[in-house]
Amino acid sequence: MKILEADFVLTCNEEFEIIRKGAVAFEATIVEVGESEHLKAKYPDATHIFTPPHSIIMPGLINAHVHLEFSANATMLHYGDFIPWLQSVIKHREYLSQMATTELIAEKLQLMLRSGTTSLGAISSFGADLEACAQTAQRVVFFNEVLGSNPGTVDAMYGDFLGRYHQSKDEASSTFFPAIAIHSPYSTHPILAKKAIELSFADQTPLSTHFMESLAEREWIDEGKGDFTQFLTAFNPYAKPMCSASEFLELFNSTPALFTHGVHASDKEYAHMASCHGTLTHCPMSNRLLGVGALDLEAASKHAINLTVGTDGLSSNISLSLWDELRAALMMHTNSPLEALSKTLIKAVTCNASKALNLPVGKLEKSLLADIIVATLPQEVDSLEQLPVQLILHTHQTHLTFINGELVC
Ligand code: MCF
Ligand code: FE
């Protein structure tokens, strides 16, 4: 047994309890969380791990939404407006996916680990990230994505998706979980979406989708007009919205899903997501770079919807570090009080994300798996209320990282 002690233990439990001079006793799972002196007396034979002054022990971070296959992008994609970005993705997709080798993706996963991300929800469009995700030290929920709107090709698209899904099932392990993603209401025929959702229900996998990211998506789905018209009619001159937003959402009624972006979702839609135990995944950097606007966090939180945060891919971000993402969120939501927002964001990347991805981690609590990180602040902190704020502002890499109780970096 190990005992890890530090100036602060940020449990991320229901009460968001913070323990001063605290410790965590753990093996592969957490045995006990409490005050250092108490744990040391109770487990005298445990191996002690000390940390520098101003250190914080907390659960490993969970990135709920990342596209690793776009990791080769730095400057090639067009930022500022959604449809030009989508056009640039289509133009460069082949080149970028060729460049995103297993080695490059493994390198990005290692950087994510160094910044404290111990679990992730990886959206896989082609399966090129399978090997790196199956081999990495982190816990990966591997969302095989399905899309296709042309009735002539939906069967082939579904077949391709099924092939990738089955390949990912062959890799299933205690740290790798095959799962399913429906791309979006504008790109995925509801029949295709329904089949994939039924499969997700039968296999009890997590489920993810992009939903109401841009105003263009809102206008297209609601009225069949706006910036998507020209984009979609280039593929199919008779293109029409394939279903309404509520018909799309209803497909997810029986399985709690992660809805990514939701910047242009309505109050009624947030309420629907919440009533189906869904999750809203916020990607602030991506939203800014793709020019879709800022999520109204207040509106979403009114409905007590489970909130998580994702970096999206390097196709719409400059970093896959959740600390960078949380800093962006702190700066973006200028109307939210700083201390309350910091707490909300820390919960979003720990306990809320573990709930969304159905992983037995995300809190420092007896019996959960010991995915634990240590962050060290440069100076003392004024009060416990300030701790989440300063943690977000000052953390780049972790001091120590444990997965399943084992030191991984
Ligand atoms: O979340 C962002 C923006 N919204 C939609 N899709 C993507 C994002 N980052 C990468 N994508 C991928 C998506 O998975 O881009 C493709 C899909 O494979 C767009 S559809 C041609
Ligand atoms: Fe995405």
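Nothing fancy with the numbering, it's 1 onward along the sequence. Order of appearance sets the numbers: ligands from 1, and atoms from 1 within every ligand.
If you run side chain to side chain donor-acceptor pair (under 3.5 Å) between N63 and each of T311, T308, T281, T117, only T311 comes through.
The protein atom (non-hydrogen) at minimum distance from atom 4 (N) of ligand 1 is E213 OE1, 2.7 Å. The nearest heavy-atom contact from the protein to atom 1 (O) of ligand 1 is D312 OD2, 2.7 Å.
Close contacts of ligand 1 with S125, meaning ligand atoms under 4.0 Å from a residue heavy atom, involve 14 (O), 18 (O).
Between E145 and ligand 1, at least one pair of N/O atoms sits closer than 3.5 Å. When only interatomic distances are considered, the shortest N/O to N/O separation between H261 and ligand 1 falls below 3.5 Å. An N or O contact shorter than 3.5 Å is missing between W85 and ligand 1 by distance.
Every heavy atom of S286 sits 4.0 Å or more from the atoms of ligand 1. Ligand 1 does not have E69 within reach: every non-hydrogen atom of the residue lies 4.0 Å or more from it.
The side-chain tip of K195 points at the ring of Y158 from less than 6.0 angstrom away and within 45° of straight on.
Sorted by chain and number, the protein atoms of type N, O or S within less than 2.8 Å of the Fe ion (ligand 2) are H65 NE2, H67 NE2, H210 NE2, D312 OD1.
With hydrogens and angles disregarded, a donor-acceptor distance shorter than 3.5 Å links the side chain of S275 to the backbone of H272.
Between P185 and F211, the shortest heavy-atom distance links the atoms CG-CD1, 3.9 Å.
Between Y270 and H303, the ring planes lie tilted relative to each other; the angle falls in the 30° to 60° range.
Evaluation of the side-chain hydrogen bond (donor to acceptor under 3.5 Å, both in side chains) rule for E217 yields no partner, not counting sequence neighbours.
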